[in-house]
Amino acid sequence: MPWLVWRQQRLTFILLLAAAAVATAGLAWLAQDASGAVAAVEGPDPSLAETTALEGAYRRLELVGLALACLPLVIGVFVGAPLFAGDLETGTAKFVGVQSHSRWNWVAVKLVMAASFTTVVALSTGLAMRAVWTPLVNHAAVNADFTTAGGFDTTGPVAVALSLLGLLIGAAGGLFLRRTLPAMVTAFVALLAVMAVWGAVRMTFATTVTKTTGGGRFRREDFPKIPDSALSIDESYVTGDGSLMGWGSCARAKDELACLRDKGIVGWSVEYLPYSHMNAMQWAATGALAVLITGAVGLVAYAARRTLR
């Protein structure tokens, strides 16, 4: 059965591996370029050309991150959707039931092989992408927001989990619709919706840190310093009773300091997310995605039972 599946899907799998190899090699080059640019700027008396090179590295990081964030969509549409729909549309799926292997064995082997190739692709590109992000985030996270789809969803276990989820959603669509093109369109729309919802809940997995000042230290120069590799999530004033007020509370006052004193402001509060918390955040998110993946497996099983009976 694995040999049969390989013969059927070898072009898709080979193209997938070839694209992953090219992407991984390109990301490895970008990682080396980013590390060199950061090292040059952090050295003594960086030149204008070196500063410009670093700015270019941040721009490339954003563009590559956005492109790689589409990997689950590509997997779902071009690998998952045709995985079963192609055989169902041409009628070759009917011959599975008269072979020595059961239809369930055929479904399982197809899914396992497709999932294996998907995991290899997502893991290789995810590790290479992490190597690109790390030096740039450590230098200035404000220019490299690692909580966006281009940073969070393209690295670590989240990249693998999202790709597998895309594969399963596409496969379920193919089993339900039994035609390749409608399955691809349905997978595209469904995955766009999933990615939109995922983008809205991604930050719920963050474990932030809060740093405050007190004793009347609320001037601009008293603002708490956070690590260069951390992202500022929220900036507020602290009152004497410990409550928070927006940093723009007295922005339009003629005498801002007097206004802040009248409101009982005694210091600053800044909530930030260190890059060192990224791994824990991703594993927590992967746990939530594992629940969705389990549900998607159940959906595929139901669709297979309904279609192949």
Side-chain angles (χ1 to χ4, degrees), residues 20-71 123-156 158-159 199 202-203 206-213 217-237 247-248 251 256 267-282:
V22 172
T24 302
L27 289 170
W29 179 83
L30 287 176
Q32 185 176 10
D33 180 70
S35 297
V38 170
V41 169
E42 291 181 347
D45 194 22
S47 65
L48 178 60
E50 291 170 336
T51 302
T52 303
L54 182 60
E55 292 172 353
Y58 279 111
R59 286 193 297 271
R60 286 191 294 272
L61 175 68
E62 183 178 3
L63 293 175
V64 172
L66 288 174
L68 202 56
C70 296
L71 180 61
L123 190 60
S124 62
T125 55
L127 290 173
M129 192 63 178
R130 177 62 68 89
V132 180
W133 273 91
T134 299
L136 295 173
V137 172
N138 286 334
H139 177 71
V142 67
N143 297 325
D145 188 347
F146 53 86
T147 64
T148 62
F152 190 80
D153 296 347
T154 61
T155 61
V158 173
R202 189 185 298 117
M203 281 301 294
T207 52
T208 58
V209 177
T210 301
K211 195 171 184 180
T212 61
T213 63
R217 291 179 296 149
F218 52 80
R219 297 174 183 270
R220 295 293 178 187
E221 57 269 23
D222 298 322
F223 190 82
K225 178 164 178 59
I226 64 174
D228 292 334
S229 60
L231 283 175
S232 177
I233 305 299
D234 183 64
E235 300 171 1
S236 307
Y237 287 116
W247 61 268
E256 185 178 9
W268 281 102
S269 173
V270 56
E271 182 185 9
Y272 64 94
L273 178 64
Y275 186 57
S276 58
H277 289 198
M278 177 76 156
N279 285 335
M281 184 179 172
Q282 284 193 318

- Query: If you take all heavy atoms of Thr213 and Trp268, which pair is closest and at what distance?
  - Reply: OG1-N, 2.7 Å
- Task: State the CE-CG distance between Met281 and Leu273, to the nearest 0.5 angstrom.
- Result: 6.0 Å
- d(Arg219 CZ, Glu256 CD) to nearest 0.5 Å is 10.5 Å
- Criterion side chain to side chain contact (heavy atoms under 4.5 Å, CB included) against Met129, the qualifying member of Thr134, Asp153, Leu61, Leu71: Leu61
- Message: The test is side chain to side chain contact (heavy atoms under 4.5 Å, CB included); show your working for Ile233 and Thr147 and say whether it passes.
- Response: CA-CA 11 Å; Ile233 305 299; Thr147 64; 5.6 Å; no
- Query: Would Val38 and Leu54 count as a side chain to side chain contact (heavy atoms under 4.5 Å, CB included) if you check the C-alpha gap in whole Å, the side-chain angles of each, and the deciding distance to 0.1 Å?
  - Reply: CA-CA 6 Å; Val38 170; Leu54 182 60; 3.7 Å; yes
- Query: So do Thr154 and Thr125 actually touch side chain to side chain, heavy atoms under 4.5 Å?
  - Reply: no
- Message: Tell me whether Glu42 at atom CD has more than 12 heavy atoms from other residues, nucleotides or ligands lying less than 6.0 Å away.
- Response: yes
- Item | Nearest heavy atoms of Tyr58 and Asn143, plus distance in Å | CD2-O, 3.4 Å
- Distance col, row Thr155:OG1 vs Arg130:CZ, nearest 0.5 angstrom, shows 4.0 Å
- Any chance CD of Glu271 has more than 12 other-residue heavy atoms, nucleotides or ligands included, within less than 6.0 Å? yes
- Atom CE in Met278, atom CG in Leu231: separation rounded to 0.5 Å? 9.5 Å
- Task: Start with the C-alpha distance between Val270 and Ile226, add both sets of side-chain angles, then the distance that settles side chain to side chain contact (heavy atoms under 4.5 Å, CB included), and finish with yes or no.
- Result: CA-CA 8 Å; Val270 56; Ile226 64 174; 4.0 Å; yes
- Query: Which value, rounded to the nearest 0.5 Å, describes the distance between Lys211 atom NZ and Lys225 atom NZ?
  - Reply: 8.5 Å
- Message: Testing the basics here: between Trp133 and Asp145, what is the closest heavy-atom pair and its distance to 0.1 Å?
- Response: CH2-O, 3.4 Å
- Item | Inter-residue atom distance Glu235.CD - Ser269.OG, 0.5 Å rounding | 9.5 Å
- Query: Closest approach of Ala230 and Ala141, non-hydrogen atoms and distance?
  - Reply: O-CB, 3.5 Å
- Item | Phe152 versus Gln282, closest heavy-atom pair with distance | O-NE2, 2.9 Å
- Item | Any side-chain heavy-atom pair of Pro227 and Tyr275 under 4.5 Å | no
- Message: Show the nearest heavy-atom pair for residues Ala57 and Leu136, with the distance to one decimal.
- Response: O-CD1, 3.9 Å
